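Chain naming here is simple, since letters A, B, ... match the order of the sequence lines and numbering starts at 1 in each. Because the structure is a prediction, the values reported are computed rather than measured.
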Amino acid sequence: MSAVLEVSNLRKSFGGITAVDGVSFEVRDGEILGIIGPNGSGKSTLFNCVLGQLQPTDGEVKVDGKVTNGMRPRDINRLGVSRTFQLLQVFPQLSVRDNLILAGQEHQGTMFTRLIGRSDAGLGPAADQMIEFFRLSHIATEMAGMLSYGQQKLLDAAMAFMAGPRLVLLDEPAGGVNLTMLANLRERLQAYHAERKATFVVIEH
Amino acid sequence: MNRAATISIAFAAAGAVIAPFMLKPFGIFLISMWAVLTIAAIGLNLTLGYAGQVSMAQGAFVGIGAYTLALLTQAGVPYPIAFAASGILCFIIGWGLGYPALRVQHHYLAFVTLAFTTIVFLLLRNEEWLTGGIYGVNAIARPVFFGWSTGKAMDYYFFCLGVLTVIAFAVWWMLRSPWGRAFVALRENPVRALSLGLDTRRYTLMAFAIGSSLGGFAGALFASLVQFIEPASFALNRSFDLLLMVIVGGSGYFMGPFVGALVAVLLPEWMRVTEGYYLIIYAALIMVMMPLAPYGIVGLIERGYKALTVKRKPPAPMLTPERTAP
Amino acid sequence: MASFIQLLVSGLATGAIYALIAVGFTLLWQTSQTINFAQGEFVMLPAFFILIAMNYGAPFWLSCLIGIAVSIVVLGIAFKYIIVDPMLKHGVLPLVISSIALALFLKEAVKDFYSSQAQPFPVLVEASDVHIFGAVISSQSLVVLAVAIATVIGMTFLLNRTRLGRMMQATAQNPTLARILGVPVRRMVLYTFLLNAVLCAIASILISPIYLAKFTNGETLGMAAFLAAIIGGFNQVRGAILGGVILGILDNLSAAYLSSQYRAAFPLIILIIVILVRPQGLLGRVEERTV
C-alpha cells in the first residue's frame with residue numbers, strides 16, 4: 001500500500017510564533033489517522049498548510065507522491081483531497097441539496113459545459129444518494145442556514161465526500177455536536193470508509 | 001410558491017405586452033425606460049446580489065455602452081454590430097475592473113468602482129474629439145430590422161422588451177446552472193468555495209464582466225431611446241440610482257431588478273403632485289424601508305407569502321459552538 | 001518657488017480640513033462599521049444651521065456655537081439612533097444605501113427649504129495678505145490651518161492621553177474585548193458619533209467662507225473624505241490625517257501644474273494605485289481575517 005499523503009518536516013511560523021514545528025507523518029491508502037492535541041497546538045494550522053490555505057514556512061507535502069507546496073486550494077482539491085472545517089462552513093442561503101451539488105460540480109466538465117449543461121451538473125442522483133446516506137432527506141430542500149448546528153455539521157461532512165475524494169481531512173468533526181448526532185456522524189463516517197475505502201485524517205482534542 | 005410565482009410572472013408579462021396600447025407616447029417612453037433600466041439592474045444584481053461584489057460602476061457601463069452605440073452608428077457601423085460592440089466592450093472593461101475585486105472586498109471595492117465611475121465621467125466630458133464633451137451626441141438612430149423600423153415609440157418599446165426577454169432568459173438559465181450556485185458560494189463563503197475546487201478567480205471576473213456587459217447593452221438601448229446622450233447622464237448618480245433599484249427591488253432575487261426599476265421609473269411620475277419634494281420623499285422612503293425590509297420588495301413579498309401559506313415550526317435555534325483557537 | 005510655497009500653504013489648509021472630515025469618517029467605520037456616504041453633507045449642513053441662527057439675529061460667534069450644538073444633536077445623536085442603530089444587524093451594505101439616501105435627503109432639504117443658491121458665509125478673519133519668504137499667503141489660509149491643526153492636536157490629545165480617549169480607541173479596535181474589560185462600549189460608540197459631528201461642524205465653519213455655503217458642497221467634500229481615509233489607512237486616525245493633508249496638497253499642486261480638466265481624476269488614480277498596491281493604506285494595519 002502506497003502513501004496517499006506524506007508530510008515531511010513541515011514547519012509554519014507566524015512572526016515569532018511557530019505553530020507547527022517539524023511535523024512528519026504519512027497516511028497510507030485506506031487508513032484512518034487521528035491527530036490529537038490540546039487547543040492551540042497547531043492542528044488546524046497543519047491542515048491549512050496541507051490544503052494550501054496557508055503556505056508552510058518549511059518542509060514538504062506530497063499527495064500521491066506529488067509535491068503540493070505552493071498549489072492553490074482548488075488545485076489540491078482537484079487532486080481528490082477534501083476537507084471539513086473546524087468552524088461551520090456551509091452556504092446558508094443554498095438548500096442542502098444545492099450545497100451538495102456545489103461541492104461536486106466543479107469536478108464535472110469545464111466552465112463552459114457547466115454553463116450550458118444540466119442545472120445539477122449531472123450530480124442530482126449522487127446528491128440524493130448522499131442526502132439519504134447522511135439521513136438528511138427530511139430537510140433536503142431547506143436552506144442550510146435554517147438547519148441545527150448538528151445537522152449543518154453532518155452536511156459539512158457530506159459535502160467533503162461529494163467529489164468522491166480519496167483523502168478526507170476532518171477538522172474536529174465532533175466539536176459542538178450533541179451525543180445523539182455524534183453517534184450518527186461517527187456511524188456515517190465509518191460506513192463511508194467501509195464502502196469507499198477512502199483515507200481519513202481526523203483532528204480531535 | 002412556484003405556482004404563485006409563475007402565475008404572477010405570466011400576468012406581469014401579459015401586462016408588459018398590453019400596456020403600450022393603453023398608454024400615451026410619454027407613457028410608452030416610461031415603460032421603455034423601465035425595460036432599459038431593468039436590463040442594467042439585472043446586470044448589477046448579478047454582480048452584487050448574487051456574487052456579492054459591491055459595484056458602484058454600473059452607471060459608467062451604461063454610459064460606455066451608450067456612447068459606443070451612438071458613436072459607432074454615426075460612423076456608419078450597422079446597428080446590430082454596434083449593439084453587440086457595446087456589450088462586448090463593457091464585458092472586457094468589466095473583466096478588467098474585476099481584478100481589484102480579487103485583491104480587495106467590500107468598502108474598498110466600492111471605492112475602486114466609485115473612482116472608476118468618476119474617471120469614466122471625466123473622460124466622457126473632457127475628450128471632446130471623441131465624445132463631443134458636454135454637448136454630448138445627438139440624433140442617435142433607432143434600428144431597422146428587415147424593413148421593421150423601430151423609429152416610433154411603440155415599435156422601439158417592443159424592441160426593448162424583446163431584448164429584455166432574451167437577456168432575462170439567458171440570465172435565468174445561467175443562475176440555475178452550476179454557475180448560479182457558484183456565484184452564491186462566492187458571496188457567502190469564498191474560502192470554503194475555494195476548498196471545494198471552485199475557481200473563485202474566474203467566477204469573480206465572470207460576475208463582473210457579465211454584469212457589466214448587461215450594463216453596456218442597457219446603455220445601447222438607452223442611447224437610441226433618448227436619442228441624445230451627455231456625460232451627466234452617466235455620473236455617479238446613475239450608479240447610485242441603479243444600486244438603489246437593485247436593493248429596493250430585492251438584491252439576490254431574480255425578480256428584484258424588474259420591481260426596483262419599475263419603482264424608480266413610476267414613483268417620480270406618481271409623485272408629481274408633490275412637485276419639487278419628490279427626491280426628499282424618495283430618500284425618506286428608502287431610509288424607512290431599509291431597516292424594515294433590507295431584503296427589498298420581492299424579498300418582503302416572498303417572506304409574506306411564506307408566512308401566510310406555510311405553517312411550520314420555528315427553525316431549530318442555531319447553536320454556536322465554543323469558539324476554540326486553531 | 002514663491003508660488004510653490006503659496007500653493008503648499010493653501011494645500012495644507014485644504015488638506016487639514018479634509019483631514020478633519022476623514023478622521024470622523026474613519027472613527028465611525030471603526031466603532032460601528034458605518035460607511036457614511038453622507039459625510040460630505042454632514043459638512044455642508046452645519047453652515048446652514050449657522051446661517052439660520054444668524055438670520056435670527058445671533059452674532060457670528062454665538063451662531064457658530066449654536067451650529068455646533070445643533071450638529072451634535074442632529075448629525076450625532078439623531079443620526080446614530082434613527083439611521084445607524086436600526087441598520088446595524090443587517091450588515092454593511094443596507095447601511096450604505098441608507099446613508100446614500102440620507103445624503104440625498106439632506107441635500108434636497110437644504111435646496112427646497114433654504115436656497116438653491118450659494119450663500120455668502122462670514123470669514124473668521126478679515127482677508128489680508130501675509131508675506132513669508134517672498135510668497136503672498138492669505139491670512140485666511142493661515143487661520144484655517146491654525147484652527148484645523150489645533151483641532152487635530154486637541155483630538156489626538158483626547159484620544160491618546162485621556163482615559164476617555166483610550167476607552168474610545170479600545171472600543172474601536174475590539175469592542176468585544178473592551179466590553180469584557182468594563183468599557184461602556186455603547187456610550188463610547190455614541191461619543192464617536194458626537195465627535196464626528198463636532199469635527200464636521202468645525203470643518204464646515206472653515207470651508208464655507210471659501211466655497212460659499214451651497215447644498216451641493218457635500219459631493220466633493222464627501223469624496224475627499226473617502227479618498228483621504230483610504231489613502232491614509234481606513235483603520236488609523238493618523239492615517240486619515242496624513243491622507244487628508246496629502247490630498248489637499250495634491251489638489252492644489254495638480255490644479256496648478258497639471259491639466260485642470262483631469263484635476264479630479266488625479267486623486268482617484270492615486271486611490272486605485274493605493275488600493276491595489278497597499279490596500280490597508282499608507283499607515284494602516286492589515287485587518288486580520290480568520291479562515
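Proximity to chain B (any heavy atom under 4.5 Å) is restricted, for Arg72(A), to the side chain, taken from C-beta onward. At a 4.5 Å heavy-atom cutoff, Pro165(A) makes no contact with chain B through either its backbone or its side chain. For a residue to count as touching a neighbouring chain, one of its non-hydrogen atoms must lie under 4.5 Å from one of that chain's; by this rule Leu102(A) touches chain B with backbone and side chain alike. Contact of Ala163(A) with chain B is not made at all, since no heavy-atom distance falls under 4.5 Å.
Note: Met111(A) leads Arg78(A), Gln93(A), Met111(A) in heavy-atom pairs under 4.5 Å with chain B. Here Gly197(B) is the residue among Gly197(B), Gly252(B), Ser195(B), Ser177(B) with the most heavy-atom pairs under 4.5 Å with chain A. For the set Asp171(A), Ile101(A), Val81(A), the count of heavy-atom pairs under 4.5 angstrom toward chain B peaks at Ile101(A). Interface remark: of the candidates Gly104(A), Ala121(A), Pro92(A), Pro92(A) forms the most heavy-atom pairs closer than 4.5 Å to chain B. Across Met159(A), Arg118(A), His107(A), the residue that shares the most heavy-atom pairs under 4.5 angstrom with chain B is Met159(A). Contacts with chain B were tallied for Leu115(A), Leu123(A), Ile116(A); Leu115(A) has the most, counting heavy-atom pairs under 4.5 Å. For the set Gly52(A), Pro73(A), Gly117(A), the count of heavy-atom pairs under 4.5 angstrom toward chain B peaks at Pro73(A).
Among the residues in residues 201-217 of chain B, those with a non-hydrogen atom closer than 4.5 angstrom to a non-hydrogen atom of chain A are Arg201(B), Arg202(B), Tyr203(B), Met206(B).
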Is there a side chain to side chain donor-acceptor pair (under 3.5 Å) between Asn69(A) and Glu60(A)? Walk through the geometry before answering.
CA-CA 6 Å; Asn69(A) 291 36; Glu60(A) 203 175 61; over 6 Å; no

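Using a 4.5 Å cut-off on side-chain heavy atoms (C-beta onward), Leu164(B) and Ile42(B) make contact. Between Arg83(A) and Val168(A), the closest side-chain pair of non-hydrogen atoms is not below 4.5 Å.
Taking the centre and axis of the six-membered ring of Phe14(A), the NZ or CZ atom of Lys12(A) falls inside the cone set by 45° and 6.0 Å.
Each of Leu10(A), Leu54(A), Val201(A) was scored for a side chain to side chain contact (heavy atoms under 4.5 Å, CB included) with Leu46(A), with one residue passing: Leu10(A).
Between Glu204(A) and Lys43(A), none of the side-chain N atoms (NZ, or NE/NH1/NH2) sits under 4.0 Å from a carboxylate O, so this pair counts as no salt bridge. Ion pairing of Arg176(B) with Asp98(A) is absent here, as no side-chain N (NZ or NE/NH1/NH2) approaches a carboxylate O to less than 4.0 Å. Note on Asp64(A) versus Lys66(A): no salt bridge recorded, every NZ/NE/NH1/NH2 to OD/OE distance being 4.0 Å or above.
Centroid-to-centroid, the aromatic rings of Phe200(A) and Phe161(A) come within less than 6.0 Å.
A donor-acceptor contact shorter than 3.5 Å links the side chain of Arg181(B) to the backbone of Ser119(A). Between the side chain of Gln58(B) and the backbone N or O of Ala40(B) there is at least one donor-acceptor pair closer than 3.5 Å.
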